[in-house]
Each structure stands twice: as C-alpha cells, then as structure tokens.
2 protein chains.
Amino acid sequence: MVTMQQVADRAGVSISTVSFVVNDTKPVTAETRERIQRAIDELGYRRNALARALASRRSHVIAMIHPIIDRNHYGFVEAAAGAAAAAGYNLVLWPVHSDDEAREITSLTTTGAAGGVLLLEVRYDDARVRALQEANSPFVLIGRTGELEGMDFVDIDFESTVAHAIDLLAGEGHRCIGLVVEDFSATALASYAPPLRVADIFRAEMSRRDLHGEVFTVPRVLDPDAPSGTPGAGIVAQLAATAPETTALVVMHATASFAIVHELRARGLVIPRDMSVVGIAVESAVTSLVDPPVTTFETPSREMGRLATEVLIARMAGAEPGRVHRLIDCEVRPGASVAPAPHGRRRLDAG
Amino acid sequence: MVTMQQVADRAGVSISTVSFVVNDTKPVTAETRERIQRAIDELGYRRNALARALASRRSHVIAMIHPIIDRNHYGFVEAAAGAAAAAGYNLVLWPVHSDDEAREITSLTTTGAAGGVLLLEVRYDDARVRALQEANSPFVLIGRTGELEGMDFVDIDFESTVAHAIDLLAGEGHRCIGLVVEDFSATALASYAPPLRVADIFRAEMSRRDLHGEVFTVPRVLDPDAPSGTPGAGIVAQLAATAPETTALVVMHATASFAIVHELRARGLVIPRDMSVVGIAVESAVTSLVDPPVTTFETPSREMGRLATEVLIARMAGAEPGRVHRLIDCEVRPGASVAPAPHGRRRLDAG
DNA sequence: TTGAAAGCGTTACCAT
DNA sequence: ATGGTAACGCTTTCAA
C-alpha cells in the first residue's frame with residue numbers, strides 16, 4: 001500500500017502539502033500540485049479512508065438502519081448506495097432488531113463507525129430518533145415521526161397520494177371505496193406510521209367528499225421463513241360481509257392485490273368491470289404483474305433514497321441550512337384495473 | 001466519546017491492560033479485569049472501530065460488490081448483513097459499475113476501507129476476481145467463475161436443480177419441455193454465468209433422458225427506469241412457432257411466468273391442464289403470486305448469503321482451511337402449476 | 001505557499 | 001500479569 005509519506009518523498013515535498021492537494025484544502029502552487037499529482041499517479045496512491053476518518057474525526061460512512069429488511073426497501077437501499085458512492089461516501093447496512101436499538105445506534109456514530117445515519121421504517125414515536133438527537137449525530141429519516149421539529153426527513157406525500165387515488169376513482173363514479181392497508185400491530189413495528197397515517201387521511205378525504213369508505217387490514221407476518229400463505233387472503237370475504245356495496249379498492253399492499261384479484265375471480269367477478277383497484281405507495285414493478293395490471297401510485301423510493309442521502313451528506317459535511325421536510329408525490333402508472341362504477345349489475349353480495 | 005485511556009485512568013491501570021481485557025487477547029487477573037469492566041460500564045465505553053482497524057491493520061468491514069443492484073439480490077444482502085452483524089462485522093454496499101472495476105476493487109481492500117469482499121453476479125470470466133486475487137484480499141464468490149482454483153465460492157447447485165425439475169415433469173409424462181432463461185448478452189453482464197450454465201445442463205440432461213428440449217430466452221433490460229413492459233412477453237408465440245409440441249416449461253425467470261400464464265390464457269390454454277410450468281432459481285415469494293402459483297425450486301439466497309459471509313469472516317480472521325466450494329440445492333415449493341402431460345387434447349399450435 | 005509536529009484511539013511489541 | 005511506547009496513515013493547527 002502506498003502512503004502519503006511515500007508520495008511526499010517522491011514529489012520532494014512534505015506530507016502536509018500532499019494532504020492539501022489530495023483534499024484540496026489549501027492553495028498550492030500549480031507547479032507543486034502537478035509534481036504531487038504525478039507522484040500520486042505513478043505510485044498509484046489511494047488515500048486510506050480509515051486514517052482519514054480517524055484523524056479528521058469525520059467518517060464518510062453512512063449507516064442505513066433497518067430493523068426489518070424488506071423487499072420493498074430495495075429502492076431506498078439502491079438509491080442511497082448510489083448517491084453515497086457518487087459523493088465518495090459509503091453505505092453500511094445496519095440491521096438493528098433489539099430493543100437495545102437506541103444504545104446500539106448511539107455508539108454507532110459515537111465510535112466513529114459511521115458519520116451519519118439514514119433511518120428506515122420510522123414509527124410515530126421512535127426511540128431511535130431520540131437517541132440520535134441526544135447523540136447529536138447527523139441523521140435523516142426516510143419516513144417521519146409524529147414530532148417533526150429539529151430533524152430532516154424525506155417521506156411520501158400520503159395526503160396528496162390518497163387524494164389523487166380517491167379522485168381517480170370518484171371520477172369514475174365510485175361512491176363506496178375500500179382501503180386496504182397492512183396491520184403491523186402484531187409486530188415490533190406496531191406504531192409504524194404509514195398505514196396509520198394513510199387510514200386517517202383516507203377517512204378524512206372520503207368524508208370530505210361525502211363518500212363512503214371502509215378500512216380493511218392485512219396482518220403482517222414478520223417471520224421471513226413463515227410459509228407466506230397469500231398475504232391478503234380473505235379480504236374479499238371480509239369485504240362482502242362488511243361493505244358489499246364497495247365497487248373500488250385502494251390497496252397499499254403490493255402482494256395483496258394478487259389475492260384480491262384471485263378471490264374476486266373465484267366469485268365470478270372481474271376486474272375492473274366489477275371492481276376497480278388502485279395501488280398506492282407500492283412498487284409498480286410488482287403490481288404490474290397482476291392480471292390485469294393494477295393502476296399504481298408508485299412509491300418514489302429511488303428519489304427518496306437519493307434525496308435523503310444527499311441531505312445527510314450535506315449535514316455530515318457540516319452544512320447547516322434549514323431543516324429539510326420533504327414530501328414526495330407518488331406518480332401514477334396507469335394499468336388496466338380502473339373502470340366506471342358498475343350500475344348495480346354485479347355486486348359483491350351476489351357472489 | 002470515552003476513550004480507552006479514560007477507562008484505564010479510572011481503573012488505575014495502563015491502557016494496554018484495558019486493551020487486553022476488551023479484546024480478550026492476554027490473560028488478566030480476575031480482579032483487575034473486573035475493575036476494568038466496571039470502569040467500562042460506568043463510563044459507557046465503546047471501542048472505536050476506526051482506530052482499531054487502523055492500528056491492527058484489520059478491518060471488520062465486508063464490502064458487497066454489486067454491479068447491478070437487483071431485487072433478486074435482496075435475500076443475499078439481507079442474509080449477509082445479518083451474518084456479518086452477528087459476528088461483529090459490518091456490511092458495506094459497494095456499487096461498482098465502471099469498467100474500472102478491477103482497480104476500484106483493489107483499492108478497496110488495499111486502503112483498509114474493507115477487510116474482505118463478497119462478490120455478486122459473478123461472470124464466467126471475471127476481471128474482478130483476478131483483481132482480488134492479485135491484491136491478495138480475502139473474498140468469497142456468491143456464484144462462480146469458470147476457473148475455480150484458489151478461491152472460495154457458494155453457488156446454486158444448478159445440475160441437481162435442473163435434473164430435479166426435469167424429473168418432476170418427466171414423471172408426469174412430459175416429453176417435450178422448454179427452458180426459459182434470461183439473456184444478458186445485450187448488457188454489461190454478457191458472460192453472467194447462471195443462464196449459460198443452466199442452458200448447457202438442461203440440454204445435456206434432456207438428451208440423456210431422450211427427451212426433447214428447446215431453450216428460449218428473455219432479453220434482459222438493465223435500465224431500471226425503462227418502462228418495464230412485461231419481461232417475457234412473446235415467449236408463448238415463440239414457443240408456438242418453434243416447438244408447438246411443448247407441454248411443459250422450466251422457467252428461470254420470476255416475472256416471465258406472469259407473462260407466460262397471461263399469453264397462454266389469451267390463447268385459451270390453461271395452466272396446468274395444457275401446459276405445466278416449473279420455476280427454478282427464483283424466489284417463490286414472487287412466483288407464488290402467479291395464478292395458479294408456480295411450483296418453484298427456490299433460490300437458497302438466504303442460506304447462500306449467510307454461508308458466504310461466514311466463510312469470508314473466517315478468512316478475514318486468518319483461518320486457512322481448505323477452499324470452500326459449496327453448491328446448494330434449490331428446495332422445491334409446491335404450487336399448482338404442474339399436471340400430467342395432456343394427451344393431444346389441446347396444444348399450442350391449436351391456439 | 002509550504003513544513004513541522006502534535007494528535008486521532010487503538011494495537012502490538014518489548015520490557016519489566 | 002502489567003506497563004511503556006512506537007506505530008497505523010492521515011489531518012490540522014501553528015510557524016516559517
């Protein structure tokens with residue numbers, strides 16, 4: 001391995017000067033700079049990230065904390081890793097499950113292992129956030145807590161997304177719309193914010209429009225080795241029992257859409273003729289596989305991951321602009337799952 | 001931040017002794033050890049990973065190199081992160097695209113940024129592998145190159161998986177079976193090994209059994225922002241044109257199964273009555289969403305990720321056992337996509 | 001504009 | 001069994 005000292009020797013300058021050139025931290029004569037650059041090239045010097053972090057008390061490592069690692073996080077992870085790499089930072093995956101989370105996290109930045117933190121699966125009330133604030137370490141939420149003061153976050157604009165989804169369906173004449181969300185209450189993520197938030201928004205938006213809406217939940221199974229069964233199985237039966245006049249569904253659950261189509265078909269109902277379906281905050285890469293493809297308001301996961309990372313890097317670099325509270329819209333990807341409301345032709349209770 | 005020196009002061013010993021206790025590297029009197037431990041607890045000391053790595057010239061960071069980040073890698077990533085965390089190591093995601101790959105990788109371990117490397121998406125002939133060997137840095141392949149000497153790898157046992165899939169179908173009377181694999185030739189991963197390997201094995205196994213088999217390919221689109229279209233669209237038409245007597249398909253492509261079912265249905269054919277389908281080396285979490293659920297030989301991605309990481313950690317810790325060449329079977333997850341071969345009732349060419 | 005030198009928090013060797 | 005101390009490779013004052 002080539003050290004800075006070796007470069008300095010070869011260029012006939014002091015190690016400090018090399019450092020100035022490498023980091024572009026102080027002015028250096030064009031001539032000297034060139035001499036040093038040549039030495040660097042000839043020797044194939046690469047600065048040692050560890051030593052740099054230790055000496056500067058500034059790590060270029062970003063820790064991404066994810067209690068549950070989930071296929072749905074892929075976009076975030078990928079985008080974050082890309083944005084980090086582009087800025088010369090590195091992304092470390094930090095699986096934290098224990099209830100000891102907070103302490104774990106604190107020591108993470110405190111020991112220099114990571115210079116900043118990206119937090120996933122944020123809960124309404126999140127001990128990890130408090131820990132990060134106390135430790136005074138730079139962090140950005142992908143998602144948000146109830147309290148928003150004094151922190152940066154990037155989240156989905158659920159308000160606008162839900163409103164758009166409802167408008168889309170109401171525009172087709174649907175008056176009775178169901179919402180399907182995941183229920184995390186049996187898991188460690190009991191207060192995981194998105195489904196709760198979306199259910200509230202949905203109820204509010206529906207009543208504001210004088211429409212009738214019911215909320216259905218799909219229990220979340222966390223054990224990755226559990227026989228997956230079909231998430232969302234039974235939803236249609238539940239629907240028939242509770243709100244048979246429902247003609248459209250807003251589904252915040254990628255795989256449940258498959259079960260819904262399947263169960264409707266078993267009852268002789270067809271999407272979108274007898275039931276319209278709209279996916280929200282899911283990946284269209286998945287929902288487009290449903291037959292028919294589900295019209296989807298897609299999670300802007302890549303944009304969120306990139307943005308969050310860029311904000312975090314700015315903070316890690318010491319920038320102190322105002323807090324970033326960024327909400328991003330889900331863009332719609334048209335499918336073939338939305339049609340005008342049926343006129344009493346076929347209904348759920350007839351099945 | 002609490003340093004080792006502070007602990008030493010508080011315990012009234014030298015910093016060396018604290019180090020011995022913290023790392024359990026030399027015998028220390030029970031009494032002293034306890035005194036030190038108390039100081040550690042009281043002060044909330046956590047050793048600084050950076051300093052440790054710098055001084056010991058041994059990083060506990062594992063870099064996972066992934067040219068293309070793909071949903072299918074999720075199992076690997078998750079399992080690797082978990083196994084690493086369990087051993088006190090950390091997993092860094094290292095997106096490497098450039099053709100400068102090799103150099104990038106070398107400097108990675110050379111500068112101490114990472115102590116070991118996990119390589120994904122391995123090609124038959126992989127420059128990165130050579131770079132790692134030359135740099136003399138510990139690495140483990142998830143996948144394998146053509147040449148296997150002098151390296152560790154964990155890969156799918158394609159031989160046995162393909163044989164099992166064929167046996168399953170042949171056992172139901174199918175004599176003419178198609179294979180669907182992804183074609184990476186238009187991408188940077190042109191020599192990506194698995195599809196090539198599987199196609200070879202398939203042909204060999206089929207002719208060994210005196211069965212008739214044809215290989216079909218689905219072109220791979222790498223641009224993540226490309227309108228995904230439906231991967232695998234057109235396969236059925238191709239099938240009808242080339243090998244209409246086909247009654248079963250072995251599909252090494254999770255999402256193509258959806259297109260296949262869809263296109264068959266459009267021709268009035270039904271799975272599994274008119275065509276049996278078996279998935280191999282894919283995730284059943286995805287293929288089970290097909291209607292009907294596809295019988296799937298599932299990629300043991302979690303096991304592969306865990307194993308590879310454990311082997312790598314052993315190497316990083318200096319263990320020098322024999323090379324690990326581990327092939328893991330894909331376990332079958334029964335679906336409802338396999339039935340006895342139809343007796344000339346409905347065939348593809350009739351569609 | 002450049003250089004000297006004191007750290008950064010550990011580890012590891014050599015003494016004791 | 002414990003301590004002293006020189007690295008590890010770099011950054012960052014402070015001086016020149």
TODO: Establish, from distance only, whether the side-chain atoms of A:E78 and B:H66 form a donor-acceptor pair under 3.5 Å.
DONE: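 Result is no, nothing qualifies.
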Open item on the list: We want to know whether A:R144 and A:H325 form a side-chain donor-acceptor pair, criterion being a heavy-atom distance below 3.5 angstrom.
Closed with: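 No - no donor-acceptor pair under 3.5 Å links their side chains.
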[X] near the nucleic acid: base, sugar-phosphate alone, or nothing, with a heavy-atom cut-off under 4.0 Å?
X	value
B:R47	sugar-phosphate
B:R46	sugar-phosphate
B:V13	sugar-phosphate
A:T32	sugar-phosphate
B:I15	base

Task: 5′-ward residue of the pair A:V28/B:Y45 relative to DNA chain C - done: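 Its nearest nucleotide lies further toward 5', so the answer is A:V28.
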Task: B:R35 atom CZ, neighbour heavy-atom count above 12 within 6.0 Å - done: yes
TODO: For C:dG3, take OP1 and OP2 only and decide whether either is under 4.0 Å from a side-chain N or O of A:S14.
DONE: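 For A:S14, the contact criterion (side-chain N or O under 4.0 Å from OP1 or OP2 of C:dG3) is met.
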TODO: Check whether any side-chain N or O of B:S19 sits under 4.0 Å from OP1 or OP2 of C:dA12, and answer yes or no.
DONE: no
[X] has an atom [atom1]; how far is it from atom [atom2] of [N], in whole Å?
X	N	atom1	atom2	result
B:L50	C:dG9	CG	P	11 Å
B:N48	C:dG7	CG	C1'	14 Å
A:M4	C:dA4	CE	C1'	16 Å
B:Q6	C:dG9	CD	P	8 Å
B:N23	C:dT10	CG	P	10 Å
A:K26	C:dT1	NZ	P	10 Å

- [ ] Can you figure out which of C:dC8, C:dG3, C:dT11 approaches the side chain of A:R57 most closely?
- [x]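 Of all the options, the side chain of A:R57 is nearest to C:dC8.
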TODO: Output all residues satisfying salt bridge (charged side-chain N to carboxylate O under 4.0 Å, His left out) with A:E303, sequence neighbours left out; order by chain, then residue number.
DONE: none
- [ ] Specify the closest pair of heavy atoms between B:I156 and B:P300, including all atoms of both residues, with the distance to one decimal.
- [x] CG1-CD, 4.1 Å
TODO: Using the closest heavy atom to pick a nucleotide of DNA chain D for each, name whichever of B:S16 or A:A53 lands nearer the 5' end.
DONE: B:S16
Task: Those residues that, when tested against B:V61, pass side-chain contact (heavy atoms from CB on, under 4.5 Å) (two or more places apart) - done: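 With sequence neighbours excluded, B:V61 shows a side-chain contact (heavy atoms from CB on, under 4.5 Å) to B:S59, B:V92, B:A114, given in chain and number order.
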Task: First and last nucleotide of DNA chain D, 5' to 3', lying under 4.0 Å from heavy atoms of chain B - done: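 Reading along DNA chain D, I get D:dA1 to D:dG9.
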TODO: Specify whether B:Y192 and B:F184 have parallel, tilted or perpendicular ring planes, treating 30° as the upper limit for parallel and 60° as the lower limit for perpendicular.
DONE: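 Perpendicular: the ring planes of B:Y192 and B:F184 meet at over 60°.
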